[in-house]
Structures are given as structure tokens and as C-alpha cells.
Amino acid sequence: MRIPFIAGNWKMFKTVHEAVVFVKELKSVVKDVADVEIVVAPPFTAVHAVAEAARNSNIGVAAQDLYWEREGAFTGEVSAPMIKEAGAEYVIIGHSERRRLFGETDATVNRKIVAAIGANLASIVCVGESLEERERDETLAVLDRQIKDGLDRLTAEQVADLVIAYEPVWAIGTGRNATAAQAGEAHAHIRTRLRQWFGGDAADHCHVIYGGSVKPDNIRELIAEPDVDGALVGGASLDVRGFGDIVNKSRQAAV
Ligand code: PEP
């Protein structure tokens, strides 16, 4: 049984102080929510402070990226064990901004997932097509490639513990979300491929969440789709009341 999974990706927003103030308030907004997995992903600088502020609460913490080596001469990079020690339980991997702006590929996504597993971090793996790919009717083929290559050589047990975020690139930060039908089709396709390639247990256990301009006023119809298990929320996760509203609405919708 998959309970809704709602994660806020703060991108390069919030100082340590702002992040801690946010989490303290979020704790009181969602204190009675036991049936949604709630995660926030602050910038690296705030991961430890946010994890401390969220300790013993129903809020988990994610980093937004990692590097696959444990340690070494890799200026600017942060490893999976470092992130784990800082208090995160999750890490976002392969976000479209990292693919587009920082040269991330399905091969690097795969290395990062393997590193995350080695440090006992759960991966939130982002996939999704660009506008040009959708217009060329390549959406499902793009998803196939990203899943096949990104999850290459993972075991069924490892795939079961992943969160896959379907994030059509044209819907991220644009205010234009996929329709429920578009999201539903992509999610059903991802679930089918997980079943074919990794087996029924992996497909049934793995959360497949939607990302792309999710807001309090569209979460209900998106999560009502049978294969949409939650949301990765960017802009709307920066406001504590709005994010709390999304959490609460995903809960009601899933009942
Ligand atoms: C994201 O950053 O993953 C995202 C979905 O952003 P937004 O909600 O702002 O579109």
C-alpha cells in the first residue's frame, strides 16, 4: 500500500535561518498528518539544520543532488555518506535543471542512484520529456530510455524503494501543469515498464509522483489518477501554508 508522498524541492532558495523557521512552522501545520510521507529538500547548506529542526517529526529531509564518489579531490561536490551524516534520508537525482544546466545524463543518474543506495539514502529519481519531445510524440520513448538507462542493473528490491518523479520539463516552473490525463498516461506507462522490467513487487511498491507546477488548486485532480502517488513540488513548496495545503489535500484525495 503506497501512501501519498509529497516532497518540496526548494532549489537554490532559503538561507539556513529561513529554512529552520519554515520547518518549525511546517511541523505545526502538519503535526496530525500520519498518512502522507512529507519531505523537504533544502540546499546543501541547510540540510543539517533542517534535519535537526525536523527531528522526531513526520517531516523527512532530502538533499537535491550528490556526487557518486565517497570522498576525494572533487571540488564543490558532496558525497552520499556526507549527506546521510548531515541527517537526510532522501536525495533528488536527475532533476531536469541538473540535466539541462549541468550536463547530467542517464549514465550519471545511474551512478548517483548506486551511490545513494550504498549510503542508505532513498532516491527521488526525476524523469520527463521536453516540450519538443512531447510535440514529436516521443514522450513514452523518452521515459523508456530514462528508466532503462537510469535504473540499469538495479535489483527489484532496490527499485521498490525508489521514488520516481515524472516531471515533464515544459511544466516545471512554467505555471502550466500537465493535465490529469497526461500525467495519468505517463504514470501508467512508467508503472507498466517497472512491472515488465523489475517485477510486480517493485512496481507495486515504488512511488511514482508527479512534478510540474503543482499547486493547492490542482493537487486533488492529479493525485486522483490511480498511478499518481504524490508530488514533487517546486515553487509552491516555498510557502509553508501552501505546501501544508498540498499535503492536506493529497491526504483527502487519497482517502
Ligand atoms: C521541481 O522543481 O521539481 C518542480 C516541479 O518545480 P515547480 O513546481 O515550480 O514547477
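Just so you know, ligand 1 is whichever comes first in the structure, and atom 1 is the first atom listed for that ligand.
In this structure, D204 contributes its side chain and G199 its backbone to no donor-acceptor pair below 3.5 Å. Side chain of D227 to backbone of H187: no donor-acceptor contact under 3.5 angstrom is found.
At the top of the distance list for atom 8 (O) of ligand 1, counting protein heavy atoms only, stands G234 N, 2.8 Å.
Distances below 4.0 Å separate heavy atoms of N9 from the following atoms of ligand 1: 1 (C), 2 (O), 3 (O). Atoms of ligand 1 lying under 4.0 Å from at least one heavy atom of L232, given by number and element, are 3 (O), 5 (C). Every atom of ligand 1 is numbered from 1 in the order shown, and the set under 4.0 Å from a heavy atom of A171 is 10 (O). Within the listing of ligand 1, atoms 7 (P), 9 (O), 10 (O) sit less than 4.0 angstrom from a heavy atom of G173. For ligand 1 and G235, the ligand atoms under 4.0 Å from any heavy atom of the residue are 7 (P), 8 (O), 9 (O). The S213 neighbourhood of ligand 1 comprises atoms 7 (P), 8 (O), 10 (O), with distances under 4.0 Å to a heavy atom of that residue. Ligand 1 places these atoms under 4.0 Å from at least one heavy atom of G212: 5 (C), 10 (O).
Here's the thing with V233: none of its N/O atoms is less than 3.5 angstrom from an N/O atom of ligand 1. Between G211 and ligand 1, not a single N/O pair is under 3.5 Å apart.
Nearest to atom 5 (C) of ligand 1 by heavy atom, out of H95, E97, E167, Q64, is E167.
Annotation for D201: atom CG does not count as buried by contact number, only 12 or fewer foreign heavy atoms lying within 6.0 Å. Within a 6.0 Å sphere centred on CZ of R145, other residues, nucleotides and ligands contribute more than 12 heavy atoms.
Checked against the 6.0 Å centroid threshold, F22 and F13 do not count as a close aromatic pair.
Under the 4.0 Å criterion applied to side-chain N and carboxylate O atoms, R191 and D229 are assigned as salt-bridge partners. A salt bridge does not link R100 with E97: none of the charged nitrogens is closer than 4.0 Å to a carboxylate oxygen. Salt bridge annotation for D217-K249: absent, with no cationic side-chain nitrogen under 4.0 angstrom from a carboxylate oxygen.
Residue contacts with ligand 1 do not include K215, since none of its heavy atoms lies under 4.0 Å from the ligand.
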